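In this text, all values refer to a predicted model and were calculated from it rather than measured experimentally.
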Amino acid sequence: MHKNGVPPSAFTFSSVLSACGRLPAIQEDRDVVSWTAMVAGFAKAGLMKDARRVFDEMPERNVVSWTAMVAGYANSGEVSAAREIFDEMPEKNAVSWTAMIAGYGKCGDVRGARQVFDEICVPDPTSRAAMIACYAQNGFSNEAIEMYWEMRSLNVKANEVAMVGVISACMQLGDPVIANSIAKHMEGRPSELTLVSANALISMYAKCSSIDHALRLFDNMPEKDIISYTALITGLADHGRAQEALEFFDEMQKAGIMPNQITFVGVLNACSYVGMVDEGYAYFEQMTHTFGIIPLTEHYACMVDLLGRAGRLKEAHGLIESMPGAPDAGVWGALLGACKVHCNAELGEIAARHLFEIEPDNTGNYVLLSNIYASLNRWDEAERVRKMMRERGMSKSPGCSWISR
DNA sequence: GTAATAGAGC
């Protein structure tokens, strides 16, 4: 979200330039450093056309000018353009490699990132950190952790980005043993615990080891931001500690930190977990009216889950039908799940029909619907769904959910 | 000049 926004420095930069009336006149005596600063300024602001124009016009370029272009394209999601510049570079340094790895990481091309990484003769700590972050962001948790251990065995000090990446990977794995072994490396040096890495640790503790550990860390943080609060609220909600989650939601606003869409996902989940339907509705209202946040399908999924868990399935279905946009698999999935819990075949069928269309390859939906019938002793229908699944070439065992043809 | 953290259902 924050990456799409133009940073304030960029605003100043571009406004100064537009005040001068487009690009400043090209001066022969401008040295390479000032040319480069201009390229970097445009690139950072995401104004790649302008960056490109200056880059093409500058009489002389250095490795920083080239790298600024690579990073700019990478951050604007134009990986192939970044790659083109990267390949043309007369010389590269650690920052260039790092920018290119990150560019591939952002667009989900882990193999591309790894290929670039493997081309480096002697990877420096920042390129390793970028590679770890790339793995973590794309769900390659084991690879991220492996690379982190490799760094340690080589006695390369992991910087903050590497730490944050490996913590995020641990969080995704959810393994308390691995999480604790990584946490030990952090706790040895609390003075180095920055806001970002502490935030990452809060989520990891909440998911992997203990929510109380997360709470203790949170209490000891000298500075907290929206992510610290959101991570804690989400963690408390996941553990069914709704009251505390909502108390922190109040506390964050008293501290002058405004909640965002993600915070509300946590808040609604907290209500859902303990069946606080009215409160959930109230928070949903507050989100849209007080905070002016347009509800995402995720928020509708939370509301459907909240109503569904409380057994108010018809109301949940009514809410889906009143949605302004198209309901996604998450929304229908929440209804189907609730129908399983409350053994409601009629609404379950409706939800399943939508899910079969939206995600035809997801076997879980077929299994759920079949199980709803089975729990009502409607064996013929249960078998009919299983048969449908087989006919569509799907295997019902989760371990080998291959699709034939 | 580079790298980073929080999010629904089965």
Worksheet item: Do the side chain of A/Asn260 and the base of B/dA6 come within less than 3.5 angstrom through a donor-acceptor pair of N or O atoms?
Response: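 Yes, the side chain and the base share a sub-3.5 Å donor-acceptor pair.
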Discussion item. Taking atom types as they are modelled, would you say the side chain of A/Asn269 forms a donor-acceptor pair with the base of B/dG7 within the 3.5 Å cutoff?
Written reply: no
Worksheet entry | Aromatic ring pairing A/Trp66/A/Phe55, orientation class (parallel under 30°, perpendicular over 60°, tilted between) |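 Perpendicular.
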Worksheet item: Do the ring planes of A/Phe248 and A/Phe218 sit parallel (below 30°), tilted (30 to 60°) or perpendicular (above 60°)?
Response: perpendicular
Does [X] put a side-chain nitrogen or oxygen below 4.0 Å from OP1 or OP2 of [N]?
X	N	result
A/Lys207	B/dG7	yes
A/Lys340	B/dG9	no
A/Gln261	B/dG7	no
A/Asn75	B/dA3	yes

Expressed in angstrom and rounded to an integer, what is the separation of [X] atom [atom1] from [N] atom [atom2]?
X	N	atom1	atom2	answer
A/Ile320	B/dA8	CD1	P	17 Å
A/Lys157	B/dA3	NZ	P	20 Å
A/Phe86	B/dG1	CZ	P	19 Å
A/Asn365	B/dG9	CG	P	14 Å
A/Ile132	B/dT5	CD1	P	13 Å
A/Ile182	B/dT5	CD1	C1'	16 Å
A/Leu236	B/dA6	CG	C1'	13 Å
A/Glu223	B/dT5	CD	C1'	13 Å

To the side chain of [X], which of [options] is closest?
X	options	answer
A/Ala68	B/dA3, B/dA8, B/dG1	B/dG1
A/Ser203	B/dG7, B/dA6, B/dA3	B/dA6
A/Thr126	B/dA4, B/dA3, B/dA6	B/dA3
A/Ser168	B/dT5, B/dT2, B/dA8	B/dT5
A/Val161	B/dA6, B/dA3, B/dA8	B/dA3
A/Asn159	B/dC10, B/dA6, B/dA3	B/dA3
A/Lys106	B/dA6, B/dA3, B/dG7	B/dA3
A/Arg309	B/dA6, B/dG9, B/dA4	B/dG9
A/Ala334	B/dG1, B/dG9, B/dA4	B/dG9

For [X], which contact category applies under a 4.0 Å heavy-atom criterion: base, sugar-phosphate, or nothing?
X	answer
A/Ala71	sugar-phosphate
A/Leu368	sugar-phosphate
A/Met69	nothing
A/Leu296	base
A/Ala329	base

Item to complete: For the residue pair A/Ser65 and A/Asn62, establish whether any side-chain heavy-atom pair is separated by less than 4.5 Å.
Response: yes
Worksheet item: What residue among A/Phe86, A/Phe117, A/Tyr104 forms ring pair (Phe, Tyr, Trp, His ring centres under 6.0 Å) with A/Trp97?
Response: A/Phe86
Worksheet item: Can a donor-acceptor pair be found between the side chains of A/Asp212 and A/Ser210 at a distance below 3.5 Å?
Response: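 No pair is found: no donor N or O on one side chain lies under 3.5 Å from an acceptor on the other.
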Worksheet item: Does one side chain, of A/Glu349 or A/Tyr373, offer a donor that lies under 3.5 Å from an acceptor on the other?
Response: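 Present: a donor and an acceptor within the cut-off.
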Discussion item. Determine whether A/Glu247 and A/Arg241 satisfy the following criterion, salt bridge (charged side-chain N to carboxylate O under 4.0 Å, His left out), listing intermediate values before the conclusion.
Written reply: CA-CA 10 Å; A/Glu247 278 165 21; A/Arg241 288 164 67 164; over 6 Å; no
